[in-house]
There are 2 protein chains.
Amino acid sequence: MNRMNFIKPAIPETTLRRLLYYMRCLRTYKKDGVKTVLSDNIAKKCGVKSSVVRKDLSYFGEFGVRGKGYDVDELCHKLDTMLNSLGPINTIVIGAGKLGTAIINHSKENFKTNIIAAFDKNRDKTGKNINGVPVYSLDKLEDIIKENNIKIAVIAIPPCEVQPVVDRLVSAGIKSILSLALLPINVPEGVEVSFFDVLSEVEYLFLKLNFKES
Amino acid sequence: MNRMNFIKPAIPETTLRRLLYYMRCLRTYKKDGVKTVLSDNIAKKCGVKSSVVRKDLSYFGEFGVRGKGYDVDELCHKLDTMLNSLGPINTIVIGAGKLGTAIINHSKENFKTNIIAAFDKNRDKTGKNINGVPVYSLDKLEDIIKENNIKIAVIAIPPCEVQPVVDRLVSAGIKSILSLALLPINVPEGVEVSFFDVLSEVEYLFLKLNFKES
DNA sequence: TATACTATGTGATTGTGAGAACAAGCACAT
DNA sequence: ATGTGCTTGTTCTCACAATCACATAGTATA
């Protein structure tokens, strides 16, 4: 049954995360000129079971043909349309230093996520462009967020300056913060914070290896 | 009950991940000179329930005093000791380009994760040091992995070159791969792959906002 | 020393996601 | 037209994680 038309169905977070894998996978199939795929093809590529793929897709609709599989172009298109109907993925980056710049440049190779503005307190950074993305003074923060109805912000500034900026982001309407600084930050109910750091991920993998295996 | 001394207890993955948050949180408490914390203090900082904190900690031992809370120094020290007893978190980075270099430099500010070697197929990169980390030719891959008993590798090379390198990593004994390239990769049973990309994370947060809220 | 109070540690319960198995449906051959 | 084979969509079961609630054990105070 197609639940797509209902408002806000309860889709598991794990499903949403895997959906990104599937999309990625489907795009490479499309690029390679593959016409049809089975749930098991996708599953193997993404390292999950085929029943998981089918169940995940079933949250969004019926896309396949029994006995035959999924039409790559069609599935790709339908999922894309569905996601585009949610509006553009607009985001801002706080901090136009090394890390911020790297993220902005990296984003230009990715057509999904739009970084529409960067912010820096440093005078010699503001007013310029980084790969087409304007760098504003932090004074403009609230204005830009409200004008563009931004809900997600990426924070790439030194740890000690994080909390005041977070407070401003929250009161300006930001609902989800991706922090590249490792220290814990305080936000009110309803705002989500995730941390993002390669070395933390390595630490986690390390713990996992040590506490799960044999 | 302290399960630390038993071999490979079944600790939930979610607990392991949160443990990193707690540690991070405890270090800032320590730095701020806070002597004692309650499970609820940690919980609020990390965005979880206090009972979750207590249960998570209980997998590793009894660290608190009823009616009083946790001694910050003591808890910090005990958890650190426990993790150090697992041995050093040694890892290697494949690819000494922009991304690889950034990670290596970043790792120098983090005392937990040791990057002990980098690899690159490019002749003008090999033989040099990046912030103290030697850059080897890819020929040395298997030797270094085996000599140092490396289990985790971070891949920061162009997508098209990923799969052959993965195959070599796996047969050299790598158990966990963190890929910074977005394309799916194939590994045998028992080897885990995670993907890591800021913009994918933004995409995920976006989906989460749209499919979870109100 | 006794009593009230406070916060931990844990057993029990609820909830949620993964995996397996099966029913349903389409294509194609005969 | 009908049957066969194949893969999807879905139900059901199991396992695991989050949450609750309470017993436990310490502190503080009079």
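Protein chains get the first letters and strands the later ones, always in sequence-line order, with residue 1 at the start of each. Every heavy atom of this structure was used, including side-chain atoms; hydrogens, water molecules and symmetry mates were not.
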So does B:Asp56 pair up with B:Arg17, basic N to acidic O under 4.0 Å? no
Under a 4.0 Å N-O cut-off, is there an ion pair linking B:Lys35 with B:Glu74? no
To the closest 0.5 Å, what do you measure between NZ (B:Lys78) and OH (B:Tyr70)?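 If we round to the nearest 0.5 Å, B:Lys78:NZ and B:Tyr70:OH are 11.5 Å apart.
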Interatomic spacing from CD in B:Glu201 to CG in A:Leu20 - rounded to 0.5 Å: 9.0 Å
Do the side-chain N or O atoms of B:Arg18 get closer than 4.0 angstrom to the phosphate oxygens (OP1, OP2) of D:dA18?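 Yes, because at least one side-chain N or O of B:Arg18 sits under 4.0 Å from OP1 or OP2 of D:dA18.
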Should B:Thr14 be listed as having a side-chain N or O under 4.0 Å from OP1 or OP2 of D:dA18? yes
When you compare the side chain of A:Ile94 with that of A:Leu138, does any pair of heavy atoms fall below 4.5 Å?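 Result yes, sub-4.5 Å side-chain heavy-atom pair found.
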Side-chain touch A:Ser200/A:Leu182, heavy atoms, less than 4.5 angstrom: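 Counting from C-beta outward, A:Ser200 and A:Leu182 do come under 4.5 Å.
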Specify the residue among A:Lys55 and B:Lys55 whose closest nucleotide of DNA chain C lies further upstream toward the 5′ end. B:Lys55
Value in whole Å for how far the [atom2] atom of [N] lies from [atom1] of [X]:
X	N	atom1	atom2	value
A:Glu62	C:dC26	CD	C1'	12 Å
B:Asp56	D:dC16	CG	C1'	14 Å
B:Ile11	D:dC16	CD1	P	14 Å
A:Lys49	D:dT7	NZ	C1'	18 Å
A:Glu13	C:dG15	CD	C1'	14 Å
B:Lys35	D:dT27	NZ	C1'	19 Å
A:Arg17	C:dT16	CZ	P	19 Å
A:Tyr59	D:dT8	OH	C1'	16 Å

Run A:Leu57 and A:Phe60 through side-chain contact (heavy atoms from CB on, under 4.5 Å) and show every step you take. CA-CA 6 Å; A:Leu57 290 177; A:Phe60 301 97; 5.5 Å; no
Check whether A:Thr91 reaches the backbone of A:Ile152 with its side chain - one donor and one acceptor, N or O, closer than 3.5 Å.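 At least one qualifying donor-acceptor pair exists.
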Not counting sequence neighbours, list each pair that qualifies as a ring pair (Phe, Tyr, Trp, His ring centres under 6.0 Å) and has a residue in residues 167-195 of chain A.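 Those involving residues 167-195 of chain A are A:Phe195-B:Tyr21.
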Take the C1' atoms of the five end pairs on each side of the helix from C:dT1-D:dA30 to C:dT30-D:dA1, derive the two axes, and give their angle rounded to 10 degrees.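 Here the local axes at opposite ends form an angle of 10°.
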Mark up nucleotides 3-8 of chain C, 5' to 3', with B wherever a protein heavy atom is under 4.0 angstrom from a base atom, S wherever such an atom reaches only the sugar-phosphate, and - elsewhere. ---BBB
